[in-house]
K.L.:
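Quick one: the structure is below, questions incoming.
Below, chain A is the first sequence line, B the second, and so on; all start at residue 1. This structure is a prediction, so every number in the text was calculated from the model and none was measured.
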There are 2 protein chains.
Amino acid sequence: MERIVQNPEFEETKQIIEEYASRKYTLQINGLCSVNYRGRAKSKLDRGERIVIKKQDSALLVHGPENYQPKNWQPEVDRWNVQIDEENEELVMESKRTSPEELVEIRFERIDLVTVDQLVDKSELKIRGHEVDIHEAVEEEPEIVEDGLKVVEREKETPAGFIDVFARDTEDKYVVIEVKRNPDYNTVLQLQRYVDEIEEEFSGKIRGILLAPKMTDKILDYLEDRGLEFVEVEMEDVIASYESLNQSQKGLSDFDPSYET
Amino acid sequence: MERIVQNPEFEETKQIIEEYASRKYTLQINGLCSVNYRGRAKSKLDRGERIVIKKQDSALLVHGPENYQPKNWQPEVDRWNVQIDEENEELVMESKRTSPEELVEIRFERIDLVTVDQLVDKSELKIRGHEVDIHEAVEEEPEIVEDGLKVVEREKETPAGFIDVFARDTEDKYVVIEVKRNPDYNTVLQLQRYVDEIEEEFSGKIRGILLAPKMTDKILDYLEDRGLEFVEVEMEDVIASYESLNQSQKGLSDFDPSYET
DNA sequence: TAATAGATGTCGGGT
DNA sequence: ACCCGACGTCTATTA
């Protein structure tokens with residue numbers, strides 16, 4: 001750990017920020033501050049004790065004592081500015097970003113702790129259970145959706161967007177499949193959009209199937225009102241499908257079996 | 001600040017976590033760790049240096065050196081468990097949550113810093129620029145959309161859903177306005193559905209306007225192909241509209257004028 | 001409690 | 001650099 005300073009003076013904190021803000025260091029500042037934001041929206045946050053984190057890619061987070069999400073943030077900062085406001089006895093830390101034009105201004109009244117560190121983390125997050133895993137499972141085992149289904153194409157491009165799975169059923173009718181982990185009304189519209197597009201392209205009636213691990217009554221109504229269908233897929237089957245696939249490839253398993261219990 | 005410990009032993013860290021995890025304290029732990037998650041999906045994150053934060057409402061964040069978002073998290077934790085894995089020389093911190101059933105397991109190999117604090121933050125975030133603020137701005141100043149526009153109704157209910165703004169133009173034609181901060185293809189279909197619905201109700205041609213702060217060429221094409229219109233709204237105008245409204249009510253201004261420059 | 005829509009959404013992948 | 005869709009989305013609001 002590069003530096004740890006408790007209850008630093010503004011001057012010292014200013015120097016630390018100026019030294020490390022624009023470099024690949026992680027800064028953590030605990031203190032009493034207020035925050036203003038202006039850009040895509042505008043916000044004001046009065047004084048409170050918070051944790052400010054500047055990450056190595058310049059991401060900025062202002063975390064309060066509660067909630068998953070930060071109170072204020074900046075996913076990417078282009079320019080930093082630190083000033084001591086003698087009149088108000090505040091340390092002012094500004095982060096600017098272009099595209100979109102945005103500004104976060106943090107005014108510290110008191111600083112409790114500053115740490116500087118260069119975190120080393122080359123590990124990639126391996127995750128299973130995403131929508132794309134359902135796509136793969138369908139390609140691997142089309143009977144998940146329907147017996148006799150033949151997958152024609154995945155991620156088929158159309159003027160209306162990308163169709164998740166394009167297939168034909170036992171009667172050789174075209175089937176548009178939209179896969180969603182968390183379907184909502186928009187998903188229905190999205191599927192309709194694709195079906196409309198394909199019907200135009202092939203000038204005939206096309207089936208549209210929404211494939212999802214869950215569904216609500218209202219969305220189902222909305223779907224069926226449009227002549228579209230719903231097929232449920234078990235997320236556990238998808239993960240199992242992936243893992244059975246992976247078990248055959250010794251040593252490539254993404255997950256530690258000891259974690260299973 | 002309740003406690004700050006550098007390079008603590010596992011035993012000491014375990015005691016600190018056990019003492020504070022379930023109480024309204026903020027814990028920050030910097031160290032080398034790996035993380036497993038299982039619940040709605042499943043993930044594995046190999047060893048790397050990270051910042052683990054447990055907030056006062058039990059939210060758990062595992063932040064890597066980059067990005068706005070945490071690598072792993074738990075918005076709410078119901079049960080904590082800390083164990084020292086002597087065999088692997090790891091400190092294992094488990095957080096469980098029911099509804100949905102989820103588990104995050106953090107395995108520390110090295111701990112650099114532990115801090116315990118009780119952050120006091122009673123301030124509410126005041127924010128302007130949400131979609132509803134655009135609605136209000138239109139009601140206040142309909143010329144934002146079009147000269148001579150008269151707002152008939154906001155949040156008008158139809159069988160197809162709620163119409164953001166229902167209005168009439170200078171020629172007394174009905175206008176359906178859909179407001180979106182981030183419009184997409186589905187927004188177009190949504191608007192079209194409202195227009196179809198209203199055309200049925202009033203049996204006549206109805207105008208449909210998508211009001212948004214931004215637009216892409218493709219979505220614009222898709223919109224205009226359907227005879228619908230796009231009007232751009234400046235978020236700054238929306239915010240200004242709110243503030244001019246508020247200035248008339250002395251002392252209620254949400255924002256510090258000194259920030260304006 | 002569940003469902004529904006919004007977010008300064010963010011992020012990754014493709015063009 | 002922009003466009004587009006997914007997200008362990010999260011979160012607030014409402015039935």
K.L.:
Which ones in residues 178-199 of chain A lie close to DNA chain C, meaning a heavy atom under 4.0 Å from one of its atoms?
P.N.:
Tyr185(A)
K.L.:
Output the residues of residues 217-226 of chain B in contact with DNA chain D, where contact means a heavy atom of the residue under 4.0 Å from an atom of the strand; sort by number or write none.
P.N.:
Lys218(B), Ile219(B)
K.L.:
With sequence neighbours left out, write down each residue that passes side-chain contact (heavy atoms from CB on, under 4.5 Å) with Glu101(B), or none if nothing qualifies.
P.N.:
Thr98(B)
K.L.:
Anything under 3.5 Å between a donor and an acceptor, one on a side chain of residues 213-225 of chain A, the other on a protein residue two or more places apart or in another chain? List them.
P.N.:
{"from": "Lys214(A)", "atom 1": "NZ", "to": "Asn182(A)", "atom 2": "OD1", "distance (Å)": "3.1"}
{"from": "Thr216(A)", "atom 1": "OG1", "to": "Ile219(A)", "atom 2": "N", "distance (Å)": "3.4"}
{"from": "Tyr222(A)", "atom 1": "OH", "to": "Arg193(B)", "atom 2": "NE", "distance (Å)": "3.3"}

K.L.:
Sequence neighbours left out, what passes salt bridge (charged side-chain N to carboxylate O under 4.0 Å, His left out) with Glu49(B)? Give chain and number order.
P.N.:
Arg110(B)
K.L.:
Write out a two-atom table: protein N or O, nucleotide N or O from nucleotides 13-15 of chain D, distance below 3.5 Å.
P.N.:
none

K.L.:
Any chance you could list the contact pattern along nucleotides 10-15 of chain C? Use B for base contacts, S for sugar-phosphate-only contacts and - for none, protein heavy atoms under 4.0 Å, 5' to 3'.
P.N.:
SSS---
K.L.:
Does this structure show an ion pair linking Glu102(B) with Arg97(B), if we count only N-O contacts that are shorter than 4.0 Å?
P.N.:
yes
K.L.:
List in chain and number order the residues that pass salt bridge (charged side-chain N to carboxylate O under 4.0 Å, His left out) with Glu139(A), two or more places apart in sequence or in another chain; answer none if no residue qualifies.
P.N.:
Arg154(A)
K.L.:
Kindly write out the residues that satisfy side chain to side chain donor-acceptor pair (under 3.5 Å) with Arg181(A), not counting sequence neighbours, or none if the list is empty.
P.N.:
none
K.L.:
Who pairs with Asp46(B) by side chain to side chain donor-acceptor pair (under 3.5 Å), at least two apart in sequence or on another chain?
P.N.:
Lys126(A)
K.L.:
Under the side chain to side chain donor-acceptor pair (under 3.5 Å) test, which residues partner Lys54(B), sequence neighbours left out?
P.N.:
none
K.L.:
Run the side chain to side chain donor-acceptor pair (under 3.5 Å) test against Gln69(B) and tell me which residues pass, sequence neighbours left out.
P.N.:
none
